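Please read these numbers as outputs of a predicted model, since none were measured by experiment.
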Amino acid sequence: PYSITVRVQYGDQIGRTLDFPTINVRLNRHKPCLNGIYGVEVICETTSLTQKVLQDDPEKPGIAGYHENSLYGAGHVGTRPAIQQEHPEWRLEVHFPDVSANLYGLFMRVTFLHYLHGELNYPSLEALKAGIDNDVQQLRQYRKDTTQFPF
(Lines give C-alpha, C1' and ligand atoms only; values in the text may rest on other atoms or scores of the structure.)
Protein backbone atom coordinates (compact mmCIF):
# COMPACT_ATOMS: atom_id res chain seq x y z
CA PRO A 1 0.00 0.00 0.00
CA TYR A 2 1.00 3.60 -0.67
CA SER A 3 2.04 5.68 2.34
CA ILE A 4 3.27 9.18 3.13
CA THR A 5 5.46 9.99 6.13
CA VAL A 6 4.84 13.50 7.44
CA ARG A 7 5.06 15.80 10.45
CA VAL A 8 1.70 17.04 11.77
CA GLN A 9 1.28 20.81 11.39
CA TYR A 10 -1.24 23.38 12.53
CA GLY A 11 -4.01 23.82 9.99
CA ASP A 12 -6.86 26.27 9.62
CA GLN A 13 -8.83 24.34 12.29
CA ILE A 14 -11.92 24.26 10.07
CA GLY A 15 -12.44 20.59 10.92
CA ARG A 16 -12.87 21.49 14.58
CA THR A 17 -15.69 23.88 13.74
CA LEU A 18 -17.42 21.01 11.89
CA ASP A 19 -16.86 18.54 14.78
CA PHE A 20 -14.35 16.61 12.65
CA PRO A 21 -10.89 17.67 13.86
CA THR A 22 -8.03 16.53 11.66
CA ILE A 23 -4.29 16.24 11.64
CA ASN A 24 -2.99 18.42 8.81
CA VAL A 25 -0.01 18.43 6.50
CA ARG A 26 0.63 20.90 3.71
CA LEU A 27 2.21 19.04 0.84
CA ASN A 28 3.66 22.31 -0.50
CA ARG A 29 4.93 21.92 -4.05
CA HIS A 30 4.49 18.17 -4.05
CA LYS A 31 1.51 16.75 -5.90
CA PRO A 32 0.76 13.36 -4.35
CA CYS A 33 0.33 10.17 -6.34
CA LEU A 34 -3.32 9.97 -5.30
CA ASN A 35 -6.20 12.13 -4.21
CA GLY A 36 -9.64 11.68 -2.69
CA ILE A 37 -11.06 10.16 0.47
CA TYR A 38 -9.53 6.98 1.93
CA GLY A 39 -9.58 4.69 4.90
CA VAL A 40 -6.08 5.09 6.34
CA GLU A 41 -3.93 3.51 9.00
CA VAL A 42 -1.63 5.87 10.88
CA ILE A 43 1.47 4.95 12.87
CA CYS A 44 3.52 7.49 14.79
CA GLU A 45 7.21 7.01 14.02
CA THR A 46 8.41 8.54 17.31
CA THR A 47 5.99 7.31 20.01
CA SER A 48 3.06 4.98 20.53
CA LEU A 49 0.09 6.69 18.90
CA THR A 50 -2.45 4.71 20.90
CA GLN A 51 -0.73 5.53 24.20
CA LYS A 52 -0.52 9.23 23.28
CA VAL A 53 -4.24 9.30 22.45
CA LEU A 54 -5.17 7.50 25.68
CA GLN A 55 -2.92 9.80 27.70
CA ASP A 56 -4.70 12.88 26.31
CA ASP A 57 -8.24 11.47 26.76
CA PRO A 58 -8.80 7.89 28.06
CA GLU A 59 -12.49 8.14 27.13
CA LYS A 60 -11.66 8.55 23.41
CA PRO A 61 -9.26 5.77 22.33
CA GLY A 62 -10.05 5.94 18.59
CA ILE A 63 -10.43 3.04 16.19
CA ALA A 64 -7.61 0.53 16.28
CA GLY A 65 -5.55 0.15 13.14
CA TYR A 66 -4.27 -3.15 11.81
CA HIS A 67 -0.80 -2.88 13.38
CA GLU A 68 0.03 -2.50 17.04
CA ASN A 69 -0.11 1.14 18.24
CA SER A 70 -1.80 2.37 15.06
CA LEU A 71 -5.12 4.12 14.51
CA TYR A 72 -7.62 3.92 11.67
CA GLY A 73 -9.02 7.13 10.25
CA ALA A 74 -10.60 8.96 7.35
CA GLY A 75 -7.89 10.45 5.13
CA HIS A 76 -8.31 13.23 2.59
CA VAL A 77 -5.72 14.19 0.00
CA GLY A 78 -6.49 17.14 -2.20
CA THR A 79 -6.94 20.88 -2.51
CA ARG A 80 -10.18 21.25 -0.48
CA PRO A 81 -12.46 22.71 -3.18
CA ALA A 82 -15.33 23.24 -0.69
CA ILE A 83 -13.17 25.71 1.29
CA GLN A 84 -12.83 29.14 -0.32
CA GLN A 85 -9.10 29.78 -0.76
CA GLU A 86 -7.17 32.40 -2.65
CA HIS A 87 -4.37 29.94 -3.42
CA PRO A 88 -5.48 26.29 -3.19
CA GLU A 89 -2.72 23.98 -2.02
CA TRP A 90 -2.35 20.22 -1.78
CA ARG A 91 -2.96 18.88 1.72
CA LEU A 92 -3.24 15.65 3.59
CA GLU A 93 -5.82 15.66 6.38
CA VAL A 94 -6.80 12.73 8.61
CA HIS A 95 -9.78 12.59 10.95
CA PHE A 96 -9.57 10.02 13.75
CA PRO A 97 -13.10 9.17 14.93
CA ASP A 98 -13.44 9.04 18.71
CA VAL A 99 -10.13 10.83 19.37
CA SER A 100 -9.42 14.04 21.25
CA ALA A 101 -5.66 14.46 21.42
CA ASN A 102 -2.92 16.98 20.69
CA LEU A 103 -0.87 15.38 17.92
CA TYR A 104 0.93 18.49 16.63
CA GLY A 105 4.57 17.98 15.75
CA LEU A 106 4.44 14.18 15.71
CA PHE A 107 6.05 12.33 12.80
CA MET A 108 3.38 10.06 11.26
CA ARG A 109 3.22 7.42 8.55
CA VAL A 110 -0.18 7.49 6.81
CA THR A 111 -0.95 4.36 4.79
CA PHE A 112 -3.83 4.50 2.31
CA LEU A 113 -5.85 1.29 2.45
CA HIS A 114 -9.35 1.80 1.07
CA TYR A 115 -10.45 4.29 -1.61
CA LEU A 116 -13.88 5.71 -0.89
CA HIS A 117 -14.34 8.44 -3.53
CA GLY A 118 -12.72 11.38 -5.26
CA GLU A 119 -12.58 14.88 -3.86
CA LEU A 120 -15.97 16.61 -3.92
CA ASN A 121 -16.90 20.29 -4.07
CA TYR A 122 -19.68 20.67 -1.51
CA PRO A 123 -21.89 23.79 -1.90
CA SER A 124 -21.70 24.74 1.81
CA LEU A 125 -19.93 23.90 5.06
CA GLU A 126 -23.13 22.15 6.25
CA ALA A 127 -23.08 19.95 3.15
CA LEU A 128 -19.37 19.29 3.73
CA LYS A 129 -20.10 18.27 7.33
CA ALA A 130 -22.86 15.88 6.17
CA GLY A 131 -20.50 14.44 3.54
CA ILE A 132 -17.72 13.86 6.07
CA ASP A 133 -20.19 12.23 8.47
CA ASN A 134 -21.30 9.86 5.71
CA ASP A 135 -17.67 9.06 4.81
CA VAL A 136 -16.84 8.29 8.45
CA GLN A 137 -19.84 5.97 8.74
CA GLN A 138 -18.78 4.08 5.60
CA LEU A 139 -15.18 3.83 6.79
CA ARG A 140 -16.27 2.57 10.24
CA GLN A 141 -18.24 -0.18 8.51
CA TYR A 142 -15.30 -1.04 6.24
CA ARG A 143 -12.96 -1.28 9.26
CA LYS A 144 -15.47 -3.45 11.11
CA ASP A 145 -15.72 -5.77 8.09
CA THR A 146 -11.93 -6.12 7.73
CA THR A 147 -10.69 -7.49 11.02
CA GLN A 148 -7.55 -8.75 9.29
CA PHE A 149 -5.23 -6.82 6.98
CA PRO A 150 -7.24 -5.51 4.00
CA PHE A 151 -4.38 -6.11 1.56
Leu139/Leu116 under side chain to side chain contact (heavy atoms under 4.5 Å, CB included): CA gap, chis, key distance, verdict: CA-CA 8 Å; Leu139 292 169; Leu116 193 57; 4.2 Å; yes
Residues Asp56, Lys52: salt bridge by 4.0 Å N-O rule: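 Looking at Asp56 and Lys52, the cut-off is met.
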Flag side-chain contact, heavy atom, 4.5 Å: [X] against [Y]:
X: Met108; Y: Thr5; answer: no
X: Lys129; Y: Leu125; answer: no
X: Val53; Y: Lys60; answer: no
X: Phe107; Y: Val8; answer: no
X: Asn24; Y: Arg91; answer: yes
X: Val94; Y: Val110; answer: yes

Thr79 backbone acceptor or donor facing Glu119 side chain under 3.5 Å: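 Yes.
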Got a second to check how far [X]'s [atom1] is from [Y]'s [atom2], nearest 0.5 Å?
X: Gln9; Y: Arg26; atom1: CD; atom2: CZ; result: 5.5 Å
X: Leu27; Y: Leu92; atom1: CG; atom2: CG; result: 6.0 Å
X: His76; Y: Glu93; atom1: NE2; atom2: CD; result: 6.0 Å
X: Leu103; Y: Leu71; atom1: CG; atom2: CG; result: 8.5 Å
X: His67; Y: Thr50; atom1: NE2; atom2: OG1; result: 13.5 Å
X: Cys44; Y: Leu49; atom1: SG; atom2: CG; result: 6.0 Å

In one Ile/Leu/Val/Met/Phe/Trp/Tyr side-chain cluster, 4.5 Å: Ile43, Tyr104: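 No, because Ile43 and Tyr104 fall into different hydrophobic clusters, even though each may have its own neighbours under 4.5 Å.
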Verify same cluster id: Trp90, Val40 (apolar side-chain graph, 4.5 Å):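 Linked within one cluster.
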Pair Asp135-His95, side-chain donor/acceptor within less than 3.5 Å: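 No pair is found: no donor N or O on one side chain lies under 3.5 Å from an acceptor on the other.
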Closest approach of [X] and [Y], non-hydrogen atoms and distance?
X: Pro97; Y: Gly73; result: CD-CA, 4.2 Å
X: Val99; Y: Gly62; result: CG2-CA, 3.4 Å
X: Ala64; Y: Tyr72; result: O-CB, 3.8 Å
X: Gly105; Y: Arg7; result: O-NH1, 2.7 Å
X: Glu41; Y: Gly65; result: OE2-C, 3.4 Å
X: Thr111; Y: Pro1; result: CG2-CB, 3.6 Å

Set of side-chain hydrogen bond (donor to acceptor under 3.5 Å, both in side chains) partners for Gln141, sequence neighbours left out: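 So Gln141 forms a side-chain hydrogen bond (donor to acceptor under 3.5 Å, both in side chains) with Asp145.
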ring-ring contact (aromatic ring centres under 6.0 Å, His included) pairs, two or more places apart, involving residues 38-63: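 For residues 38-63: Tyr38-Phe112, Tyr38-Tyr115.
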Residue pairs fulfilling salt bridge (charged side-chain N to carboxylate O under 4.0 Å, His left out) with at least one residue in residues 98-107, sequence neighbours excluded: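 Listed by first then second residue: Asp98-Arg140.
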